[in-house]
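Worksheet: the structure to be examined is printed underneath.
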Amino acid sequence: MLIQLGVLVGTLAIVSPPFFIVLAQIHWNGFRDKQTGRRHPITRGMLRPPGHALSEKRRESAMNVMYYMAFGPMTGFIALATVFGVPYFSGEPVSNFMVGLAIVATLGVSTWAGLKLRQLLVELQALRLGWEGEVATAEELNKLMRDGFEVFHDLPCERFNIDHVVVGPTGVFAVETKTRSKQKRADDVDNDYTAIFDGEVLDFAGWRDRRCLEQARRQAKWLSDWLTSATGERTVATPAIAIPGWRIERLKGSTKQSTRVFTPREAKSLVRNPTMQPLDHGAMKRIVHQLDQRCRQDLVPRSAGR
(Lines give C-alpha, C1' and ligand atoms only; values in the text may rest on other atoms or scores of the structure.)
Protein backbone atom coordinates (compact mmCIF):
# COMPACT_ATOMS: atom_id res chain seq x y z
CA MET A 1 0.00 0.00 0.00
CA LEU A 2 2.80 2.41 0.89
CA ILE A 3 4.63 1.60 -2.33
CA GLN A 4 1.50 2.27 -4.40
CA LEU A 5 0.92 5.53 -2.57
CA GLY A 6 4.55 6.54 -3.06
CA VAL A 7 4.42 5.82 -6.81
CA LEU A 8 1.20 7.82 -7.16
CA VAL A 9 2.62 10.76 -5.22
CA GLY A 10 5.83 10.66 -7.23
CA THR A 11 3.90 10.62 -10.50
CA LEU A 12 1.81 13.59 -9.41
CA ALA A 13 4.98 15.38 -8.35
CA ILE A 14 6.35 14.97 -11.89
CA VAL A 15 3.29 16.38 -13.70
CA SER A 16 2.19 19.04 -11.17
CA PRO A 17 4.98 21.70 -11.21
CA PRO A 18 3.32 23.85 -13.92
CA PHE A 19 0.14 24.10 -11.82
CA PHE A 20 2.05 25.00 -8.66
CA ILE A 21 4.08 27.61 -10.53
CA VAL A 22 0.94 29.29 -11.86
CA LEU A 23 -0.71 29.19 -8.42
CA ALA A 24 2.39 30.63 -6.78
CA GLN A 25 2.58 33.43 -9.35
CA ILE A 26 -1.05 34.39 -8.74
CA HIS A 27 -0.50 34.60 -4.98
CA TRP A 28 2.75 36.51 -5.48
CA ASN A 29 1.03 39.08 -7.69
CA GLY A 30 -1.63 39.65 -5.04
CA PHE A 31 0.94 39.95 -2.24
CA ARG A 32 3.13 42.30 -4.28
CA ASP A 33 0.23 44.60 -5.21
CA LYS A 34 -0.91 44.74 -1.59
CA GLN A 35 2.55 45.58 -0.31
CA THR A 36 3.35 48.20 -2.95
CA GLY A 37 -0.15 49.68 -3.20
CA ARG A 38 -0.40 48.96 -6.92
CA ARG A 39 -3.81 49.20 -8.53
CA HIS A 40 -5.25 49.39 -12.00
CA PRO A 41 -4.97 52.92 -13.47
CA ILE A 42 -8.52 52.83 -14.89
CA THR A 43 -10.97 53.19 -12.03
CA ARG A 44 -14.13 53.96 -13.99
CA GLY A 45 -16.11 51.22 -15.68
CA MET A 46 -15.60 51.02 -19.44
CA LEU A 47 -18.33 50.75 -22.04
CA ARG A 48 -18.80 47.20 -23.23
CA PRO A 49 -17.25 46.62 -26.66
CA PRO A 50 -19.18 44.88 -29.46
CA GLY A 51 -19.37 41.13 -29.00
CA HIS A 52 -18.24 41.33 -25.37
CA ALA A 53 -20.42 38.42 -24.22
CA LEU A 54 -19.22 36.26 -27.11
CA SER A 55 -15.61 37.19 -26.34
CA GLU A 56 -16.05 35.96 -22.77
CA LYS A 57 -17.56 32.70 -24.02
CA ARG A 58 -14.68 32.28 -26.49
CA ARG A 59 -12.14 32.81 -23.72
CA GLU A 60 -13.89 30.26 -21.50
CA SER A 61 -14.11 27.70 -24.31
CA ALA A 62 -10.43 28.21 -25.18
CA MET A 63 -9.48 27.51 -21.57
CA ASN A 64 -11.60 24.35 -21.65
CA VAL A 65 -9.79 23.25 -24.82
CA MET A 66 -6.46 23.49 -22.99
CA TYR A 67 -7.91 21.55 -20.07
CA TYR A 68 -9.20 18.65 -22.15
CA MET A 69 -6.02 18.53 -24.25
CA ALA A 70 -4.01 18.00 -21.08
CA PHE A 71 -6.50 15.80 -19.23
CA GLY A 72 -6.35 12.73 -21.51
CA PRO A 73 -2.53 12.39 -21.76
CA MET A 74 -2.08 13.19 -18.06
CA THR A 75 -4.56 10.50 -17.04
CA GLY A 76 -2.82 7.94 -19.22
CA PHE A 77 0.59 8.90 -17.86
CA ILE A 78 -0.55 8.53 -14.24
CA ALA A 79 -2.29 5.19 -14.90
CA LEU A 80 0.62 3.59 -16.77
CA ALA A 81 3.22 5.01 -14.37
CA THR A 82 1.34 3.47 -11.47
CA VAL A 83 0.90 0.09 -13.19
CA PHE A 84 4.59 -0.23 -14.06
CA GLY A 85 6.02 1.72 -11.12
CA VAL A 86 4.49 -0.30 -8.30
CA PRO A 87 5.91 -3.66 -9.48
CA TYR A 88 9.27 -2.04 -10.16
CA PHE A 89 9.69 -0.74 -6.62
CA SER A 90 8.11 -3.76 -4.92
CA GLY A 91 10.00 -6.36 -6.96
CA GLU A 92 6.80 -8.05 -8.11
CA PRO A 93 5.94 -8.99 -11.72
CA VAL A 94 3.84 -6.65 -13.79
CA SER A 95 0.20 -7.69 -13.91
CA ASN A 96 -1.07 -8.09 -17.47
CA PHE A 97 -4.60 -7.49 -16.21
CA MET A 98 -3.64 -4.16 -14.63
CA VAL A 99 -1.79 -3.11 -17.78
CA GLY A 100 -4.84 -3.91 -19.88
CA LEU A 101 -7.09 -2.08 -17.43
CA ALA A 102 -4.82 0.99 -17.53
CA ILE A 103 -4.80 0.97 -21.33
CA VAL A 104 -8.60 0.66 -21.53
CA ALA A 105 -9.05 3.43 -18.96
CA THR A 106 -6.61 5.66 -20.83
CA LEU A 107 -8.33 5.04 -24.16
CA GLY A 108 -11.72 5.69 -22.58
CA VAL A 109 -10.68 8.96 -20.96
CA SER A 110 -8.80 10.09 -24.07
CA THR A 111 -11.81 9.31 -26.29
CA TRP A 112 -14.11 11.23 -23.95
CA ALA A 113 -11.68 14.17 -23.92
CA GLY A 114 -11.43 14.02 -27.72
CA LEU A 115 -15.21 14.18 -28.11
CA LYS A 116 -15.35 17.15 -25.74
CA LEU A 117 -12.59 18.83 -27.77
CA ARG A 118 -14.52 18.29 -30.99
CA GLN A 119 -17.62 19.84 -29.42
CA LEU A 120 -15.60 22.81 -28.16
CA LEU A 121 -13.94 23.40 -31.53
CA VAL A 122 -17.35 23.50 -33.25
CA GLU A 123 -18.56 25.89 -30.55
CA LEU A 124 -15.48 28.10 -30.97
CA GLN A 125 -16.05 28.30 -34.72
CA ALA A 126 -19.66 29.41 -34.18
CA LEU A 127 -18.63 31.92 -31.51
CA ARG A 128 -15.96 33.39 -33.77
CA LEU A 129 -18.44 33.77 -36.62
CA GLY A 130 -20.95 35.49 -34.32
CA TRP A 131 -18.29 37.75 -32.80
CA GLU A 132 -16.94 38.85 -36.18
CA GLY A 133 -20.48 39.60 -37.35
CA GLU A 134 -21.18 41.79 -34.32
CA VAL A 135 -17.90 43.67 -34.76
CA ALA A 136 -18.58 44.24 -38.47
CA THR A 137 -22.05 45.55 -37.68
CA ALA A 138 -20.72 47.77 -34.90
CA GLU A 139 -18.17 49.36 -37.23
CA GLU A 140 -20.95 50.55 -39.52
CA LEU A 141 -23.36 51.56 -36.76
CA ASN A 142 -20.67 53.62 -35.06
CA LYS A 143 -20.51 55.83 -38.15
CA LEU A 144 -24.01 57.04 -37.26
CA MET A 145 -22.50 58.96 -34.35
CA ARG A 146 -21.30 61.52 -36.91
CA ASP A 147 -24.98 62.28 -37.57
CA GLY A 148 -25.94 62.81 -33.94
CA PHE A 149 -26.86 59.24 -32.96
CA GLU A 150 -25.61 57.37 -29.91
CA VAL A 151 -24.64 53.70 -30.25
CA PHE A 152 -24.19 51.13 -27.48
CA HIS A 153 -23.06 47.54 -27.80
CA ASP A 154 -23.73 44.30 -25.95
CA LEU A 155 -26.35 45.75 -23.60
CA PRO A 156 -26.63 43.32 -20.66
CA CYS A 157 -30.22 42.40 -19.88
CA GLU A 158 -31.71 39.86 -17.48
CA ARG A 159 -30.64 36.55 -19.05
CA PHE A 160 -29.55 37.74 -22.46
CA ASN A 161 -27.91 40.70 -24.16
CA ILE A 162 -28.92 43.04 -26.96
CA ASP A 163 -26.15 43.25 -29.53
CA HIS A 164 -26.56 46.96 -30.35
CA VAL A 165 -28.79 49.83 -29.31
CA VAL A 166 -29.03 52.95 -31.47
CA VAL A 167 -30.59 56.14 -30.12
CA GLY A 168 -31.28 59.21 -32.21
CA PRO A 169 -33.88 61.72 -33.33
CA THR A 170 -35.78 59.05 -35.28
CA GLY A 171 -36.14 56.77 -32.25
CA VAL A 172 -34.61 53.86 -30.35
CA PHE A 173 -33.50 50.73 -32.22
CA ALA A 174 -32.73 47.35 -30.67
CA VAL A 175 -30.46 45.61 -33.16
CA GLU A 176 -29.81 41.87 -33.20
CA THR A 177 -26.96 40.66 -35.43
CA LYS A 178 -27.39 37.33 -37.20
CA THR A 179 -24.23 36.05 -38.90
CA ARG A 180 -24.93 33.12 -41.20
CA SER A 181 -22.42 31.26 -43.32
CA LYS A 182 -23.07 31.78 -47.01
CA GLN A 183 -24.41 28.91 -49.05
CA LYS A 184 -25.51 28.57 -52.65
CA ARG A 185 -29.03 27.99 -53.91
CA ALA A 186 -29.08 24.86 -56.03
CA ASP A 187 -31.92 26.08 -58.26
CA ASP A 188 -30.87 29.69 -58.87
CA VAL A 189 -27.23 30.64 -59.15
CA ASP A 190 -28.13 34.33 -59.58
CA ASN A 191 -29.55 34.42 -56.05
CA ASP A 192 -26.45 33.20 -54.27
CA TYR A 193 -25.94 34.88 -50.92
CA THR A 194 -29.29 36.69 -51.03
CA ALA A 195 -31.56 36.62 -47.97
CA ILE A 196 -35.26 37.02 -48.73
CA PHE A 197 -37.45 38.85 -46.20
CA ASP A 198 -41.23 38.65 -46.52
CA GLY A 199 -42.08 40.32 -43.21
CA GLU A 200 -42.50 37.10 -41.24
CA VAL A 201 -39.60 34.84 -42.25
CA LEU A 202 -35.97 35.32 -43.29
CA ASP A 203 -34.89 32.89 -46.00
CA PHE A 204 -31.11 32.36 -46.07
CA ALA A 205 -30.64 30.58 -49.41
CA GLY A 206 -33.27 28.00 -48.57
CA TRP A 207 -32.79 27.94 -44.79
CA ARG A 208 -35.83 29.68 -43.30
CA ASP A 209 -35.55 31.42 -39.94
CA ARG A 210 -38.59 32.78 -38.12
CA ARG A 211 -37.18 32.63 -34.59
CA CYS A 212 -34.68 35.45 -35.15
CA LEU A 213 -37.57 37.84 -35.86
CA GLU A 214 -39.38 36.70 -32.74
CA GLN A 215 -36.17 37.13 -30.74
CA ALA A 216 -35.68 40.68 -32.04
CA ARG A 217 -39.24 41.60 -31.07
CA ARG A 218 -38.88 40.13 -27.58
CA GLN A 219 -35.65 42.04 -27.01
CA ALA A 220 -37.17 45.30 -28.25
CA LYS A 221 -40.14 44.75 -25.94
CA TRP A 222 -37.82 44.23 -22.97
CA LEU A 223 -35.83 47.34 -23.86
CA SER A 224 -39.03 49.37 -24.20
CA ASP A 225 -40.27 48.25 -20.78
CA TRP A 226 -36.92 48.84 -19.09
CA LEU A 227 -36.40 52.31 -20.57
CA THR A 228 -39.98 53.26 -19.68
CA SER A 229 -39.31 52.24 -16.07
CA ALA A 230 -35.83 53.80 -15.93
CA THR A 231 -36.74 57.17 -17.45
CA GLY A 232 -40.31 57.46 -16.20
CA GLU A 233 -41.48 58.17 -19.76
CA ARG A 234 -43.10 55.78 -22.20
CA THR A 235 -40.44 54.56 -24.61
CA VAL A 236 -40.90 52.31 -27.63
CA ALA A 237 -37.89 50.52 -29.14
CA THR A 238 -38.00 49.33 -32.73
CA PRO A 239 -36.68 45.79 -33.37
CA ALA A 240 -34.07 45.41 -36.09
CA ILE A 241 -31.92 42.60 -37.48
CA ALA A 242 -28.50 43.10 -39.08
CA ILE A 243 -27.27 40.47 -41.55
CA PRO A 244 -23.56 40.99 -42.32
CA GLY A 245 -22.29 39.87 -45.69
CA TRP A 246 -25.64 39.08 -47.34
CA ARG A 247 -27.75 40.91 -49.86
CA ILE A 248 -31.37 41.40 -48.83
CA GLU A 249 -34.37 41.06 -51.10
CA ARG A 250 -37.43 42.62 -49.46
CA LEU A 251 -40.72 41.29 -50.76
CA LYS A 252 -43.75 43.51 -51.17
CA GLY A 253 -45.25 44.44 -47.82
CA SER A 254 -42.20 43.48 -45.76
CA THR A 255 -41.24 47.09 -45.13
CA LYS A 256 -44.57 47.69 -43.40
CA GLN A 257 -43.65 45.27 -40.60
CA SER A 258 -42.36 46.55 -37.26
CA THR A 259 -39.04 44.69 -37.56
CA ARG A 260 -36.44 46.30 -39.80
CA VAL A 261 -33.94 44.05 -41.58
CA PHE A 262 -30.76 45.54 -43.02
CA THR A 263 -27.14 44.86 -43.87
CA PRO A 264 -24.51 46.78 -41.87
CA ARG A 265 -23.65 48.87 -44.94
CA GLU A 266 -27.28 50.01 -44.95
CA ALA A 267 -27.00 51.41 -41.44
CA LYS A 268 -28.18 54.85 -42.51
CA SER A 269 -31.30 53.37 -44.05
CA LEU A 270 -32.11 51.80 -40.69
CA VAL A 271 -32.44 55.18 -38.96
CA ARG A 272 -33.54 57.30 -41.92
CA ASN A 273 -37.30 56.83 -41.43
CA PRO A 274 -38.78 57.86 -38.05
CA THR A 275 -40.16 55.15 -35.79
CA MET A 276 -43.42 55.20 -33.84
CA GLN A 277 -41.71 57.47 -31.32
CA PRO A 278 -39.26 60.13 -32.56
CA LEU A 279 -37.17 61.69 -29.78
CA ASP A 280 -36.39 65.26 -28.86
CA HIS A 281 -33.04 66.26 -27.37
CA GLY A 282 -34.20 65.91 -23.76
CA ALA A 283 -35.62 62.42 -24.25
CA MET A 284 -32.46 61.32 -26.05
CA LYS A 285 -30.31 62.60 -23.20
CA ARG A 286 -32.32 60.72 -20.56
CA ILE A 287 -32.30 57.46 -22.53
CA VAL A 288 -28.59 57.71 -23.33
CA HIS A 289 -27.79 58.26 -19.65
CA GLN A 290 -29.60 55.06 -18.64
CA LEU A 291 -27.97 53.02 -21.39
CA ASP A 292 -24.53 54.42 -20.56
CA GLN A 293 -24.87 53.38 -16.93
CA ARG A 294 -26.03 49.87 -17.80
CA CYS A 295 -23.38 49.28 -20.47
CA ARG A 296 -20.43 50.24 -18.28
CA GLN A 297 -18.65 47.24 -16.81
CA ASP A 298 -16.83 47.50 -13.53
CA LEU A 299 -13.21 46.47 -13.74
CA VAL A 300 -12.48 43.30 -11.80
CA PRO A 301 -9.64 43.96 -9.32
CA ARG A 302 -6.50 42.52 -10.85
CA SER A 303 -2.76 42.96 -10.90
CA ALA A 304 -1.65 46.38 -12.03
CA GLY A 305 0.99 44.76 -14.21
CA ARG A 306 4.45 46.08 -14.80
Side-chain angles (χ1 to χ4, degrees), residues 18-19 22-23 25-27 29-30 33 38-71 113 115-142 150-167 173-181 209 211-212 215-216 218-220 222-223 226-227 230 237 239-245 264 288 290-306:
F19 301 99
V22 171
L23 185 62
Q25 184 64 44
I26 292 174
H27 283 283
N29 289 345
D33 294 346
R38 288 188 180 187
R39 61 188 180 89
H40 200 281
I42 302 175
T43 57
R44 185 190 181 197
M46 296 182 294
L47 286 173
R48 293 163 71 94
H52 175 74
L54 293 181
S55 294
E56 293 298 312
K57 291 180 180 178
R58 289 179 67 191
R59 185 177 295 109
E60 181 180 350
S61 295
M63 292 298 295
N64 288 335
V65 166
M66 296 176 62
Y67 167 75
Y68 286 112
M69 286 184 66
F71 187 75
L115 293 174
K116 294 294 290 186
L117 279 171
R118 179 181 180 276
Q119 179 182 348
L120 285 169
L121 292 176
V122 172
E123 179 181 329
L124 279 170
Q125 185 178 14
L127 289 173
R128 178 181 177 181
L129 184 66
W131 177 80
E132 290 177 343
E134 290 192 27
V135 171
T137 302
E139 288 181 355
E140 298 298 328
L141 290 177
N142 285 343
E150 296 288 343
V151 183
F152 298 90
H153 306 291
D154 206 69
L155 177 72
C157 303
E158 293 174 350
R159 295 184 179 180
F160 60 95
N161 69 294
I162 299 177
D163 295 340
H164 320 278
V165 178
V166 182
V167 182
F173 302 86
V175 181
E176 173 68 17
T177 299
K178 290 300 179 185
T179 312
R180 305 296 186 197
S181 298
D209 188 356
R211 290 182 298 177
C212 66
Q215 178 188 1
R218 286 196 307 269
Q219 292 180 170
W222 183 95
L223 182 60
W226 176 74
L227 285 175
I241 296 178
I243 310 175
V288 166
Q290 296 298 330
L291 291 170
D292 183 273
Q293 295 299 309
R294 194 174 186 97
C295 278
R296 288 195 180 276
Q297 53 178 333
D298 294 330
L299 289 173
V300 179
R302 57 177 182 261
S303 171
R306 297 180 60 183

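We count residues from 1, following the sequence as given. Since this is a predicted model, take the numbers as computed values, not measurements. Any value given below was found using the heavy atoms of this structure, including those in side chains, with hydrogens, waters and symmetry copies removed.
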**Message:** For a quick test of reading the model, state the closest non-hydrogen atom pair linking E123 to S61 and the distance between them.
**Reply:** OE2-OG, 2.9 Å

**Message:** Can you give me the closest heavy-atom contact between E134 and H164, atom names plus distance?
**Reply:** O-CE1, 3.4 Å

**Prompt:** Once you round to the nearest 0.5 Å, how far does CZ of F152 lie from CZ of R296?
**Reply:** 8.5 Å

**Request:** To the nearest 0.5 angstrom, please state how far the CE atom of M69 sits from the CG atom of N64.
**Result:** 13.0 Å

**Message:** Counting C-beta onward and ignoring hydrogens, is there a side-chain heavy-atom pair between T179 and W131 closer than 4.5 Å?
**Reply:** no

**Asked** Side chains of I241 and Q215: does their closest heavy-atom pair fall under 4.5 Å?
**Response** no

**Message:** Show, in sequence, the C-alpha distance, side-chain angles and deciding distance for R59 and E56, and conclude whether the salt bridge (charged side-chain N to carboxylate O under 4.0 Å, His left out) test is met.
**Reply:** CA-CA 5 Å; R59 185 177 295 109; E56 293 298 312; 2.7 Å; yes

**Request:** Could you give me the CA-CA distance, side-chain angles and deciding distance for D209 and R180, then say whether side-chain contact (heavy atoms from CB on, under 4.5 Å) is met?
**Result:** CA-CA 11 Å; D209 188 356; R180 305 296 186 197; 2.7 Å; yes

**Request:** Please report the shortest heavy-atom distance between P49 and D154, naming the atom on each side.
**Result:** O-CB, 3.8 Å

**Fill in**
Residues P50 and A138: closest non-hydrogen pair is CB-CB, 3.5 Å

**Asked** Does the side chain of N161 reach to within under 4.5 Å of the side chain of L54, using non-hydrogen atoms?
**Response** no

**Prompt:** Just one of T137, N142, L47, I162 clears the side chain to side chain contact (heavy atoms under 4.5 Å, CB included) bar with H153, so which one?
**Reply:** N142

**Asked** Is D163 reaching over with its side chain to a backbone N or O of T177, donor-acceptor style, under 3.5 angstrom?
**Response** yes

**Prompt:** Roughly how far, to the nearest 0.5 Å, is the CH2 atom of W226 from the CZ atom of R294?
**Reply:** 5.5 Å

**Closest non-hydrogen atom pair, V151 against L141** = CG2-O, 3.4 Å

**Complete:** What one should report as the nearest heavy-atom pair of A62 and L124 is N-CD2, 4.2 Å

